[in-house]
Amino acid sequence: MKSKRKLRFLIPIFCIVLSLVIYRLANGLMREREFQHMPEIYEIPNTSQVFTQNNVTTVRTNYIIKSEYTDLELLHQKVQDFIYDNNIINTSINCSETEEYYINLRFYRISKQLPFDFEQIPGFGGDVIENHNEDMIAEVCLFPNSSDQLYYTLWNKTENDKDGYNDVIEERSFYEALRGVAS
């Protein structure tokens with residue numbers, strides 16, 4: 001009699017655990033499939049900012065790069081191609097509310113702290129993209145006083161160590177002439 005009672009008690013628990021395992025596997029497969037179909041570089045949803053201060057409009061947009069690039073020349077080429085192929089600068093300039101604008105494009109790598117499907121949680125104690133500068137691997141700026149040049153900063157960083165910090169292996173900063181952009 002006791003074994004039947006035990007069995008009645010254990011079967012629902014076993015079914016619940018089995019359902020959770022199946023759910024986790026199916027969810028993981030769906031996430032993997034979703035990740036594979038995402039473009040190489042894509043905008044992180046709900047993290048862009050447009051604001052005006054001292055008659056200069058700042059347009060800040062954040063992107064995820066799926067692949068990790070340790071070769072800064074290759075990273076530069078990927079970011080540059082993305083910017084020009086997708087007309088990012090003209091699109092950003094069109095968001096400007098003033099004659100003078102500052103365009104700030106930030107590119108992040110995927111990590112344990114910054115998954116490919118990152119969702120910003122604003123508010124006190126929330127998870128916002130600004131908390132993930134350790135995973136920023138490229139930044140491209142267009143300054144108001146040099147609107148004919150892009151300023152690139154590229155980083156090759158180590159993976160997060162036990163303290164959650166990255167070491168910069170290599171950093172490169174340079175200006176590059178802006179091409180094919182309407183004023």
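Keep in mind it's a predicted model, so treat the numbers as computed, not measured.
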Pair V59, I93 - check side-chain contact (heavy atoms from CB on, under 4.5 Å), show working. CA-CA 8 Å; V59 180; I93 290 171; over 6 Å; no
Show your working on side-chain contact (heavy atoms from CB on, under 4.5 Å) between E134 and R109 and close with a plain yes or no. CA-CA 9 Å; E134 290 290 324; R109 66 181 177 183; 5.9 Å; no
Begin from the C-alpha positions of Y101 and L142 and carry the test side-chain contact (heavy atoms from CB on, under 4.5 Å) through to its verdict. CA-CA 8 Å; Y101 44 82; L142 181 65; 3.8 Å; yes
Assess whether side-chain contact (heavy atoms from CB on, under 4.5 Å) is satisfied between V56 and F51, documenting all intermediate values. CA-CA 8 Å; V56 175; F51 56 91; over 6 Å; no
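Checking N104 against R106 by side-chain atom types alone, a donor-acceptor pair falls below 3.5 Å. With 3.5 Å as the limit, one finds no donor-acceptor pair spanning the side chains of T61 and E43. With no hydrogens or angles considered, a side-chain donor-acceptor pair links D135 and S111 at under 3.5 Å.
Taking 4.5 Å as the limit, some side-chain heavy atom of L72 sits within range of a side-chain heavy atom of E170. Residues Y69 and N156 form no side-chain contact, since every pair of their non-hydrogen atoms from C-beta on lies 4.5 Å or further apart. Looking only at side-chain heavy atoms (C-beta outward), T153 and R172 stay at 4.5 Å or farther from each other. Side-chain contact check for I41 versus N86: every heavy-atom pair is 4.5 Å or farther apart. Contact of the Y63 side chain with the L105 side chain is registered, since non-hydrogen atoms from C-beta on lie closer than 4.5 Å.
Here the shortest heavy-atom pairing between S173 and Y151 reads CB-OH, 3.2 Å. Closest non-hydrogen pair, N62 versus T47, comes out as ND2-O, 3.1 Å.
A donor-acceptor pair is defined here as one N or O able to donate and one able to accept, closer than 3.5 Å; such a pair exists between the side chain of Q120 and the backbone of N46.
Between Y152 and F174, the ring planes are parallel. Angles under 30° get that label, and only those over 60° would be called perpendicular. Between F118 and H132, the ring planes are perpendicular. Angles over 60° get that label, and only those under 30° would be called parallel.
For the atom pair CD of E73 and CD of Q80, the computed distance is 10.0 Å after rounding to the nearest 0.5 Å. Rounding to the nearest 0.5 Å gives a distance of 9.0 Å between CD of Q49 and OG1 of T58. Distance check: Q77 CD to D71 CG gives 10.5 Å after rounding to the nearest 0.5 Å. If you take CG on N90 and CG on N87, they are separated by 4.5 Å, rounding to the nearest 0.5 Å. If you take NZ on K78 and CG on D85, they are separated by 10.0 Å, rounding to the nearest 0.5 Å. In this structure, CD1 on I103 lies 10.0 Å from CG on L150, to the nearest 0.5 angstrom.
Checked against Y108 for a side-chain contact (heavy atoms from CB on, under 4.5 Å), the options I44, I65, I137 give a single hit: I44.
In the hydrophobic clustering of this structure, V128 does not group with I64; members are Ile, Leu, Val, Met, Phe, Trp, Tyr whose side-chain heavy atoms approach within less than 4.5 Å, directly or through other members. When the side chains of ILVMFWY residues are joined at heavy-atom separations under 4.5 Å, either directly or via intervening members, W155 and Y175 end up in two distinct hydrophobic clusters. Hydrophobic clustering of Ile, Leu, Val, Met, Phe, Trp and Tyr side chains at less than 4.5 Å, counting indirect connections, unites I110 with I129. Cluster annotation: I169 and M136 are assigned to distinct hydrophobic clusters (Ile/Leu/Val/Met/Phe/Trp/Tyr, side-chain heavy-atom contacts under 4.5 Å, transitive).
A distance below 6.0 Å separates the ring centres of Y102 and F143.
Atom CG of D81 has more than 12 heavy atoms from other residues, nucleotides or ligands within 6.0 Å.
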